[in-house]
Amino acid sequence: MNREAMVIRLRARTEPWDIVVIGGGATGAGIAVDAASRGYAVLLLEREDFGKGTSSRSTKLVHGGVRYLEQGNVSLVMEALKERGMLLENAPHLVHDLPFVVPNYSWWETPFYGIGLKIYDLLAGKYGFGRSRILSLQETLERLPTIRQDGLRGGVIYHDGQFDDARLLIALMMTAAEQGATVLNYAPVLELTRDADGFINGVLGEDRETGFRFTAEARVVINATGIFADQVRRLAEPAAAPMLAPSQGIHLVFEKSFLRGNTAIMVPHTSDGRVLFAIPWHNHTLVGTTDTPIAGPSYEPMAFDEEIEFVLETAAQYLSRPPRREDILSVFVGIRPLVKAEGAASGKTSTLSRDHTIHIDSTGLLTIVGGKWTTYRHMAEDAVNQAATLGRLADAPCITRNLRIHGYLAPEINPQQDTDQRDRDPLGVYGTDASSIRVLANLHPEFAAQLDPDLPIIGAEIVFAAREEMARTLEDALARRTRALFLNARAAAHMAPAAAKLLARELGCDSAWADNQVETFLALAAQYNGSLKQSAIA
Ligand SMILES: Cc1cc2nc3c(=O)[nH]c(=O)nc-3n(C[C@H](O)[C@H](O)[C@H](O)COP(=O)(O)OP(=O)(O)OC[C@H]3O[C@@H](n4cnc5c(N)ncnc54)[C@H](O)[C@@H]3O)c2cc1C
């Protein structure tokens, strides 16, 4: 995946595209893979970097959603469980089975959650991961050696999926490119163009790196811009009523020692009636999340002080060593593109549906919003089916159910389902690309060094990100190609100068560029550094 080559492909196209996708998050990437693999001519334009929006900020679960089962949304849970199974088959380098324990402190919790989780197993059918079962106190302690023991009676274990969201996103973009799609980051859509009847027939975009403005004609334009979808809809219909009710969720990342072992904790009912997870992720402990309604979309939402306190307090009820503010290595925040409930009283976003919605407005703009990372493939299939009808495209079946995602490596060769192996081999998430990174490190010893003692990220990953994964800035390399910023903001800041130097050399930029990148990145890293007092921005 090479940006210069993508720009050449864009400029060379004289025919209209079958589909132009606006937005390079999970939804847009899924659509690009689906449409290109059906043989359609596809252009995807992303305003910032791929995954800069919500899709790098999830809780990293590929799940049916136990909570949605409790809300009675059986069809969403079944669909998500099926997608979970397919994703594990198609991307075993990026998705793995993770055991979760619901710890029980009251007598009624064991039978209650035991039965609920059996239903969860049943709904998964042939796509099931491991079976749920009730654990004795002893077994619970073996699974969760750092759980608070006071009053603990036992637990219920069940299985779900876990992934690295930004890495899956990059792998999807590479898959789309391999299938023939043209995908471009740092290319905002500024306007929509119309035919003589007022129907949308393309977009006006800009290559942010050169300022080159272009018109891309299209049979169908798909708006897959997540929390920004209402803004793009207003380009088509300035008076369009908002569809979205944005809500933010925060995550705190700590050292692995807070949750030793390889089992996650699922708290089914927090004091505000939500679910909280403490999860082992890339050798760290990730805790989240919250559900706080907010006024509107933004790229770098800040955690409210109260949200941080809430997560710390709730985690302290379940962990024998209560995490403190100064233990936070990174705080990252995402905004959910939730679809407003018709006529529902505003306020609580946690009860809004996680189903996706497809809306075609009177100008022919197709908007897809909502859903979850887990269901991105199904959302894409649905959107492309509708786009094909709308744009009168040649019939072509969806083939993504069995389409392997870039980097696929048979689990026997790359045993990412084995936790110890995952911890031993941090390059495992690259799948087949890991060998290219190792070759780089072997040929150039200066690329082999770890960039910070606290994170197993080597220079070769930065070089590979620039050469093959369209990383254009230091943030792209440290937040989404590697996950440094999301795991440990201080370590990410520490590795910034060395990483910027490598990147500048690859991209043909000078030292002033590198210095500027470091300065911008350090300001961002300070925001992810949870020990800083973050004043609430109401
Ligand atoms: C806190 C939190 C936790 C979550 N946890 C999970 C989980 O564990 N599992 C799960 O399955 N789901 C989870 N989700 C949901 C999941 O992350 C989202 O549903 C998904 O990432 C949305 O993807 P998207 O592509 O629709 O939006 P985004 O990822 O936001 O992508 C939209 C893109 O459009 C681009 N864009 C906007 N305007 C323009 C323009 N004019 N031109 C070009 N590009 C433009 C933006 O830059 C952005 O990159 C979570 C969500 C949140 C907020």
Side-chain angles (χ1 to χ4, degrees), residues 1-25 27-29 31-33 35-36 40-53 55-56 166 169-170 172-174 176-194 200-226 228 231-232 235-236 299 365 465-477 479-481 500 503-510 512-514 516-517 520-521:
M1 209 167 51
N2 175 284
R3 197 170 186 282
E4 284 75 27
M6 293 294 171
V7 173
I8 290 170
R9 275 203 222 172
L10 168 72
R11 285 180 178 243
R13 177 114 192 149
T14 48
E15 296 280 292
W17 301 89
D18 289 322
I19 297 180
V20 168
V21 186
I22 315 174
T27 310
I31 292 170
V33 170
Y40 297 142
V42 182
L43 171 66
L44 179 146
L45 299 172
E46 162 55 48
R47 177 158 64 189
E48 302 289 324
D49 182 30
F50 304 131
K52 169 74 181 178
S55 297
S56 55
L169 185 73
I170 299 304
L172 284 172
M173 285 299 173
M174 291 171 97
E178 284 157 8
Q179 295 292 329
T182 301
V183 297
L184 204 59
N185 51 3
Y186 298 103
V189 165
L190 306 173
E191 282 172 32
L192 301 172
T193 59
R194 292 162 195 271
I200 303 298
N201 68 352
V203 302
L204 171 72
E206 184 181 67
D207 173 1
R208 252 250 219 100
E209 295 198 347
T210 57
F212 163 66
R213 288 199 173 185
F214 57 88
T215 310
E217 260 188 85
R219 298 199 163 83
V220 186
V221 175
I222 300 184
N223 171 13
T225 53
F228 303 96
Q231 288 176 5
V232 173
L235 296 177
Y299 277 107
L365 176 69
R467 288 187 191 173
E468 308 290 341
E469 299 182 331
M470 276 169 74
R472 310 299 293 179
T473 70
L474 186 57
E475 183 197 325
D476 300 349
R480 290 171 293 277
R481 304 308 184 281
L503 204 58
R505 204 163 74 183
E506 287 305 314
L507 299 176
C509 299
D510 59 15
W513 180 89
N516 189 274
Q517 289 288 311
T520 310
F521 184 76

So how far is it from L45 CG to L184 CG, rounded to the nearest 0.5 Å?
6.5 Å

Which of E209, R3, E46 passes side-chain hydrogen bond (donor to acceptor under 3.5 Å, both in side chains) with N185? It is R3

What are the two closest non-hydrogen atoms of G24 and L44, and how far apart are they?
CA-CD2, 3.9 Å

Listed by chain and number, what are the side chain to side chain donor-acceptor pair (under 3.5 Å) partners of E206, not counting sequence neighbours?
R213

What's the shortest heavy-atom distance between M173 and A29, and which atoms?
CE-CB, 3.7 Å

Rounded to the nearest 0.5 Å, what separates atom CD1 in I200 from atom CG in N223?
10.5 Å

Centroid-to-centroid, F228 to Y299, below 6.0 Å?
yes

Tell me, please, which residues at least two apart from L507 pass side chain to side chain contact (heavy atoms under 4.5 Å, CB included).
A466, R472, L503, C509, W513

Rounded to the nearest 0.5 Å, the CZ atom of R481 sits from the CD atom of E468 at a distance of 12.0 Å

Please find the pair of heavy atoms, one from L204 and one from T193, that lie closest to each other, and give the distance.
N-CG2, 4.3 Å

If you round to the nearest 0.5 Å, how far is CG of N2 from CZ of R9?
9.5 Å

With sequence neighbours left out, the residues meeting side chain to side chain donor-acceptor pair (under 3.5 Å) with R13 are none

All side chain to side chain contact (heavy atoms under 4.5 Å, CB included) counterparts of A176, not counting sequence neighbours
A32, V33, A181, V183

Listed pairs under 3.5 Å, donor-acceptor, residues 15-23 side chains, sequence neighbours left out:
residue: D18; atom: OD1; partner: R219; partner atom: NH1; Å: 3.0
residue: D18; atom: OD2; partner: A41; partner atom: N; Å: 2.8

Please enumerate all residues that pass side chain to side chain contact (heavy atoms under 4.5 Å, CB included) together with T210, with sequence neighbours excluded.
D207, F212

Hits for side chain to side chain donor-acceptor pair (under 3.5 Å) against E48, two or more places apart or cross-chain, chain-then-number order -> R208

Run the side chain to side chain contact (heavy atoms under 4.5 Å, CB included) test against N516 and tell me which residues pass, sequence neighbours left out.
T520

Among all residues two or more places apart in sequence or in another chain, which pass the side chain to side chain donor-acceptor pair (under 3.5 Å) test with R480?
D49, E475, D476

Starting at CG of L10, measure out to CD1 of I8 and round the result to the nearest 0.5 Å.
10.5 Å

Excluding sequence neighbours, so at least two apart, what forms ring-ring contact (aromatic ring centres under 6.0 Å, His included) with Y40?
none

Nearest heavy-atom contact between L365 and A236 is CD2-CB, 3.9 Å

Once rounded to the nearest 0.5 Å, what's the spacing between atom CZ of R467 and atom CE of M1?
15.5 Å

Donor-acceptor pair, distance only, cut-off 3.5 Å: does the side chain of T182 make one with the backbone of M6?
no

Whether the side chain of S56 engages the backbone of G51 through a donor-acceptor N/O pair (distance < 3.5 Å, no angle test) should be reported.
yes

Please name all residues satisfying salt bridge (charged side-chain N to carboxylate O under 4.0 Å, His left out) with R194, sequence neighbours left out, ordered by chain then number.
none

Non-neighbouring partners of E469 that pass salt bridge (charged side-chain N to carboxylate O under 4.0 Å, His left out), sequence neighbours left out
R167

